[in-house]
Number of protein chains: 2
Amino acid sequence: MRDVMDILKALGDENRVRIVLALQHGELCVCQLIALLQLAPSTVSRHLSLLRAARLVESRKEGRWSYYRLVDAEKYPLQIELVQRISSALESASRVVMDRKKLEELSRTDMEALCRKIMKKS
Amino acid sequence: MRDVMDILKALGDENRVRIVLALQHGELCVCQLIALLQLAPSTVSRHLSLLRAARLVESRKEGRWSYYRLVDAEKYPLQIELVQRISSALESASRVVMDRKKLEELSRTDMEALCRKIMKKS
DNA sequence: CCTATATTTCGCTATTTAACGAAATATAAG
DNA sequence: CTTATATTTCGTTAAATAGCGAAATATAGG
């Protein structure tokens with residue numbers, strides 16, 4: 001039960017739901033998620049570590065950057081089915097639509113520049 | 001998004017998950033849920049009101065008793081599909097198995113007697 | 001090696017929330 | 001009408017948690 005509750009608690013926060021929905025379109029770098037959510041890097045990092053503990057996402061390190069993606073549906077069907085069901089329910093929610101738009105923009109932005117902009121803020 | 005988050009937050013608490021799983025077997029009186037969860041009546045009542053706000057359960061009053069049940073799957077498919085998916089993931093979780101056992105017992109107990117026993121405690 | 005960059009960990013504060021008991025409400029029974 | 005019963009609402013307290021900034025860690029580049 002603990003495992004399942006960890007998943008449900010992880011999905012009980014709006015910003016974490018925004019993260020997993022964003023990752024449905026493919027893996028993202030932490031700095032892209034920071035730019036999307038407009039939260040402090042440490043806050044986003046904490047959200048990601050909770051999502052990872054719940055086996056909703058996994059990460060890979062490439063050079064200075066960490067990339068996060070949803071876990072494999074074959075290995076973690078519960079997690080992915082929940083995400084998909086939530087995603088379809090939120091398809092036209094304004095916040096989610098805005099996030100999709102912003103993500104497109106971000107994917108066109110050079111990542112070096114993006115990260116630098118975020119670091120300046122602090 | 002608010003509506004969906006209300007559902008996910010409601011499902012992010014172990015005791016509330018236990019309630020909705022219990023209600024899968026049919027409607028239950030508040031005093032039965034109190035006996036199941038072993039929590040104060042006011043606490044159970046608060047959980048139920050959160051579940052109702054999220055449209056996961058609905059209630060009906062009959063005399064002195066309030067009966068709660070899951071909402072209709074046709075009207076609230078998201079809620080019911082989530083409950084079903086969670087239920088299947090928790091099918092063999094020890095706590096859930098114990099709850100099922102206890103519920104059988106409770107369904108055989110006279111409800112007047114059950115309620116009285118609970119009231120004595122406070 | 002030294003500096004800049006990207007992310008994570010840690011310590012703290014503010015907010016949320018689960019839990020309880022007491023009081024309020026509603027209904028049934030005498 | 002009064003009392004007992006079942007549930008809900010309210011006020012309070014304790015615990016959990018989201019958020020931030022500072023410090024720590026890790027990697028890339030000069």
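The figures that follow rest on heavy atoms only: side chains count, while hydrogens, waters and symmetry mates do not. A note on names: the letters A, B, ... follow the listed sequences, proteins ahead of strands, and every chain is numbered from 1.
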From D:dA6, C:dT7, C:dG21, pick the nucleotide closest to the side chain of B:Cys115?
D:dA6
Charged N to carboxylate O below 4.0 Å: is that the case for B:Glu112 and B:Lys117?
no
Integer-rounded Å distance: C:dT8 P and A:Ile34 CD1
8 Å
Can you tell me how far P of C:dA18 sits from CG of B:Leu48, to the nearest Å?
13 Å
5'-most by nearest nucleotide on DNA chain D - A:Lys61 or A:Arg46:
A:Arg46
Ranking A:Lys9 and A:Glu112 by the position along DNA chain D of their nearest nucleotide, the one closer to 5' is A:Lys9
Are A:Arg60 and A:Ser66 linked by a side-chain donor-acceptor pair shorter than 3.5 Å?
no
Are there over 12 heavy-atom neighbours, none belonging to B:Arg55, within less than 6.0 Å of that residue's CZ?
no
With the side chain of B:Ala40 defined as its heavy atoms from C-beta on, choose the nearest nucleotide among C:dG21, D:dT7, D:dG19.
C:dG21
Rounded to the Å, how far apart are B:Asp6 CG and C:dT17 P?
10 Å
Closest-nucleotide mapping onto DNA chain C: is B:Arg64 or A:Ser49 further toward the 5' terminus? I mean the 5' end.
A:Ser49
Under 4.0 Å: is that the gap between some side-chain N or O of A:Tyr67 and OP1 or OP2 of C:dT7?
no
Contact class for B:Ser45 (heavy atom, under 4.0 Å): base, sugar-phosphate, or nothing?
base
For a quick check of understanding: with a heavy-atom distance under 4.0 Å over all strands, which category does B:Leu39 fall into, base, sugar-phosphate or nothing?
sugar-phosphate
Which of C:dT7, D:dT8, D:dA18 is nearest the side chain of A:Arg16? It is D:dA18
Just compare D:dA18, C:dA19, C:dT7 and give me whichever is closest to any side-chain atom of A:Asp13.
D:dA18
d(CD, A:Glu62; P, D:dA26) in whole Å
19 Å
Rounded to the nearest angstrom, tell me the gap between atom CH2 in B:Trp65 and atom C1' in C:dT25.
18 Å
Taking only N and O in the side chain of B:His47, is any of them less than 4.0 Å away from OP1 or OP2 of C:dT17?
no
Between CD of B:Gln79 and CD1 of B:Ile7, what distance do you get to the nearest 0.5 Å?
3.5 Å
Within less than 4.0 Å of OP1 or OP2 of C:dC20, is there a side-chain N or O belonging to B:Thr43?
yes
Under 4.0 Å between a side-chain nitrogen and a carboxylate oxygen: does that hold for A:Glu58 and A:Arg69?
yes
Using heavy-atom distances to pick each residue's nearest nucleotide on DNA chain C, tell me which of B:Leu50 and B:Ser42 is more 5'.
B:Leu50
B:Leu11 CG to C:dA18 C1', in whole Å, measures 16 Å
Between A:Tyr68 (OH) and C:dA6 (C1'), how many Å, whole number?
11 Å
Let me know the distance between CE of B:Met111 and C1' of D:dT5, rounded to the nearest Å.
12 Å
